[in-house]
**Student:** 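The structure under discussion is supplied below as structure tokens; questions concerning it will follow.
Starting from 1, each residue takes its place in the sequence as its number. For ligands, and for the atoms within them, numbers begin at 1 and follow the listed sequence. The structure presented is a predicted model; accordingly, all values stated were derived computationally and were not measured.
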Amino acid sequence: MELAHRTPWSLRSPRVVNIADLRQRAKRRLPRVVFNYVDGGADDEITLRENCRVFEDVAFRPRQAVATPGYDLRTQVLGSEVALPALLAPIGYLRLIHPGGELEAARAAGAAGTMFVQSTISGHALEKTRAASTGPVGYQLYLVGGRAASEAALERARQAGFSALFVTVDTPVAGFRERDFRGGMRELLGDRLAPKLRFLPQFFTRPRWVAGFLRDGGVPRLENVVRPGEGPMTLVDVVGALARSSITWDDFRWIRAAWPGPMVVKGVLTGDDARRAIDAGATAVAVSNHGGRQLDGAAAALRALPEVVAAVNGQAEVLIDGGIRRGSDIVKAICLGARAVLVGRAYVYGLAAGGHAGVARAIEILRADVERTLRLIGCPSIAALDASYVEAPAGWHRGSGAR
Ligand SMILES: Cc1cc2nc3c(=O)[nH]c(=O)nc-3n(C[C@H](O)[C@H](O)[C@H](O)COP(=O)(O)O)c2cc1C
């Protein structure tokens, strides 16, 4: 009830009943170039589409007429208890989508009792994000600034009270996102004014976004990537830097020394890599193809989950992201062995549509969906979900279902 009171009418039911509705709101709020940055994927976007579609291949096996005293959505993940098994995934350039960016998302996650994960490519200082949330906060690492800048960021995150580190391993180079290339994302982020004139028609029709962007001082700097003796890196620097900063398993030696707490290796799609991640000191792996933004043609994340769960064999937590748009998607992933999921675009559409309230609405939609799904399949809690509640295609690797 309290949430309904605080949610602006434009985001309430029946105007917004699902994540697809929030996506439409985001499309109306953002200039085309920024919307496509969020919405798009690599090359032909096969993996992007398949991430969502593959949930259709898994069918529920409900248990009817089961008496359950209540429904418990809590789960333990990365040393924290969360009220819902869905964390907010690291998303770069959030401050471009809404001036409050990471702060608004962290606040909404905290209020909902779950974790927000801040990307390296972020415009608000780590310390401010930590202060904005009443829940656990994670930090996602790219090596774009080099080792010294990364170690400095890890030390800041540790001091500020971040509770988990996510190291993304699927980005040896940025994927080729044709929508960004054609739409001029690079020109939007650059310092030169003349190439930005092409955006004027989009800007005229999106005055609210433009006003927020200008009030915020334009394209933000990367407050958390500070190379020794230099100021924060700029966003446009990052595109080139990504290509020179790919990570190898050897890097985990110094990363582990700099970060003794819970560590997730994000971007694993095979059982072999999951084992390597554990050998490198991971406490969790995140099965992920970066939301279809990196290697197009990579397996849909859900499809890769059972193989990873089997390879991990209970030695680490298994998280998954990619294509989560409904609470029933979350329940299916957990039945197939995930401890929890990360949601990406689902909450970013909310952020674009209405800042903190939009993120809160996205989380509430997913939470209500999860609870309804538990009721419909006759399962009292997230902890009690297992493979017996679903049927996956016969060709899928049979995971142990252990979590
Ligand atoms: C706009 C956008 C930016 C992203 N930036 C990052 C990032 O900076 N670091 C990272 O590890 N993953 C990044 N990701 C990937 C997400 O963390 C996550 O893996 C993906 O969004 C999950 O797929 P979904 O959007 O279908 O939920 C990004 C995804 C999107 C959509």
**Student:** Please say whether Lys266 places an N or O atom under 3.5 Å from an N or O atom belonging to ligand 1.
**Tutor:**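 Between Lys266 and ligand 1, an N or O pair is found under 3.5 Å apart.
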
**Student:** Which protein non-hydrogen atom lies closest to atom 6 (C) of ligand 1, naming both residue and atom, and how far is it?
**Tutor:** Pro90 O, 3.3 Å

**Student:** Run the numbers for me: atoms of ligand 1, each under 4.0 Å from some heavy atom of Ser288, listed by number.
**Tutor:**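 Counting atoms of ligand 1 from 1, those under 4.0 Å from Ser288 are 19 (O).
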
**Student:** Students should be able to answer this: which protein heavy-atom is nearest to atom 22 (C) of ligand 1, and at what distance?
**Tutor:** Asp321 OD1, 3.5 Å

**Student:** Aromatic ring centroids of Phe203 and Trp209 under 6.0 Å?
**Tutor:** yes

**Student:** Among protein heavy atoms, which sits nearest to atom 15 (C) of ligand 1, and what does the distance come to when rounded to 0.1 Å?
**Tutor:** His290 CD2, 3.5 Å

**Student:** Would you indicate whether the side-chain heavy atoms of Arg15 and Trp9 approach each other to under 4.5 Å?
**Tutor:** yes

**Student:** Step by step, would you call Asp273 with Arg276 a salt bridge (charged side-chain N to carboxylate O under 4.0 Å, His left out)?
**Tutor:** CA-CA 5 Å; Asp273 271 355; Arg276 276 185 202 105; 2.7 Å; yes

**Student:** Polar contacts were defined as any N/O atom of the residue lying under 3.5 Å from an N/O atom of the ligand; does this apply to Ile324 and ligand 1?
**Tutor:**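 No - when backbone and side-chain N and O of Ile324 are compared with those of ligand 1, no distance drops under 3.5 Å.
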
**Student:** Could an N or O of ligand 1 be found under 3.5 Å from any N or O of Ile91, whether backbone or side chain?
**Tutor:** no

**Student:** Within 45 degrees of the ring normal and closer than 6.0 Å to the centroid, is that where the cationic atom of Arg28 sits relative to Phe35?
**Tutor:** no

**Student:** Only heavy atoms of Gly344, strictly under 4.0 Å: list the atoms of ligand 1 that pass.
**Tutor:**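 Result: 21 (O), 25 (O), 27 (O).
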
**Student:** Report the part of Gln140 in contact with ligand 1, treating N, CA, C, O as backbone and CB onward as side chain, heavy atoms under 4.0 Å; options are side chain, backbone, both, neither.
**Tutor:** side chain

**Student:** When you measure from the heavy atoms of Ala346 to every atom of ligand 1, does any distance fall below 4.0 Å?
**Tutor:**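 Per 4.0 Å heavy-atom rule, Ala346 does not contact ligand 1.
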
**Student:** Should one rank Thr168, Leu342, Leu87 by closest heavy-atom distance to atom 11 (O) of ligand 1, which comes out on top?
**Tutor:**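 Among Thr168, Leu342, Leu87, the closest heavy atom to atom 11 (O) of ligand 1 belongs to Thr168.
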
**Student:** In terms of residue, atom name and distance, what is the protein heavy atom nearest to atom 8 (O) of ligand 1?
**Tutor:**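 Checked against all protein heavy atoms, atom 8 (O) of ligand 1 sits closest to Ser119 OG, 2.7 Å.
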
**Student:** What atoms of ligand 1 come closer than 4.0 angstrom to any heavy atom of Gly322?
**Tutor:** 22 (C), 23 (O), 26 (O)

**Student:** Identify the closest protein heavy atom to atom 26 (O) of ligand 1: which residue and atom is it, and at what distance?
**Tutor:** Gly323 N, 2.8 Å

**Student:** Cation-pi check, Arg63 to Tyr389: give yes when NZ or CZ is under 6.0 Å from the six-membered ring centre and within 45° of the ring axis, no otherwise.
**Tutor:** yes

**Student:** What I want to find out is whether Arg303 reaches Glu50 closely enough, with some N-O distance under 4.0 Å, to be called a salt bridge.
**Tutor:**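 Salt bridge flag = no for Glu50 with Arg303.
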
**Student:** Quick check, are the ring centers of Phe181 and Phe176 under 6.0 angstrom apart?
**Tutor:** yes

**Student:** Are side-chain N/O atoms of Ser150 and Tyr142 paired as donor and acceptor at under 3.5 Å?
**Tutor:**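 There is no such pair between these side chains.
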
**Student:** Mark up the atoms of ligand 1 that fall under 4.0 Å of a heavy atom belonging to Val38, in ascending order.
**Tutor:** 1 (C), 31 (C)

**Student:** Is there a polar contact between ligand 1 and Arg325, counting only N or O atoms under 3.5 Å apart?
**Tutor:**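 Yes, there is a polar N/O contact under 3.5 Å.
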
**Student:** Quick one, Tyr37 with Tyr93, criterion ring pair (Phe, Tyr, Trp, His ring centres under 6.0 Å). Give me CA distance, side-chain angles, the key distance, then yes/no.
**Tutor:** CA-CA 10 Å; Tyr37 160 67; Tyr93 306 104; 5.3 Å; yes

**Student:** Can we say Asp369 and Arg372 salt-bridge, meaning some charged N sits less than 4.0 Å from an Asp/Glu carboxylate O?
**Tutor:**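 Yes, charged N to carboxylate O under 4.0 Å.
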
**Student:** Could you find the nearest protein heavy atom to atom 24 (P) of ligand 1 and give me its residue, atom name and distance?
**Tutor:** Arg345 NH1, 3.6 Å

**Student:** Have a look at ligand 1 and work out which part of Tyr142, if any, has a heavy atom under 4.0 Å from it: side chain, backbone, both or neither.
**Tutor:**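 For Tyr142, the contact with ligand 1 is made by the side chain alone.
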
**Student:** How far is atom 3 (C) of ligand 1 from its nearest protein heavy atom, and which residue and atom name does that atom have?
**Tutor:**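 Checked against all protein heavy atoms, atom 3 (C) of ligand 1 sits closest to Tyr37 OH, 3.3 Å.
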
**Student:** Evaluate whether atom CZ of Arg32 has more than 12 neighbouring non-hydrogen atoms of other residues, nucleotides or ligands under 6.0 angstrom away.
**Tutor:**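 Result for CZ/Arg32: open.
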
**Student:** Taking heavy atoms and a distance under 4.0 Å, where does Gln118 meet ligand 1: side chain, backbone, both or neither?
**Tutor:** neither

**Student:** Short list, please: which atoms of ligand 1 are under 4.0 Å from a heavy atom of Ala89?
**Tutor:** 17 (O)

**Student:** Identify, for atom 31 (C) of ligand 1, the protein heavy atom at the shortest distance, and state residue, atom and that distance.
**Tutor:**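 It is Arg293 NH1, 3.4 Å.
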
**Student:** For the residue pair Tyr349 and Asp39, confirm or rule out a side-chain donor-acceptor distance under 3.5 Å.
**Tutor:**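 Yes, a side-chain donor-acceptor pair sits under 3.5 Å.
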
**Student:** Going from CG on Leu143 to CD on Glu151, what distance comes out if it is rounded to the nearest 0.5 angstrom?
**Tutor:**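 Between Leu143 CG and Glu151 CD, I get 10.0 Å after rounding to 0.5 Å.
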
**Student:** When you compare the side chains of Asn289 and Thr47, does any donor N or O come within less than 3.5 Å of an acceptor on the partner?
**Tutor:** no

**Student:** Considering only heavy atoms of Gly92, which atoms of ligand 1 have at least one such atom less than 4.0 Å away?
**Tutor:**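 The atoms of ligand 1 under 4.0 Å from a heavy atom of Gly92 are 3 (C), 4 (C), 5 (N), 6 (C), 7 (C), 8 (O).
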
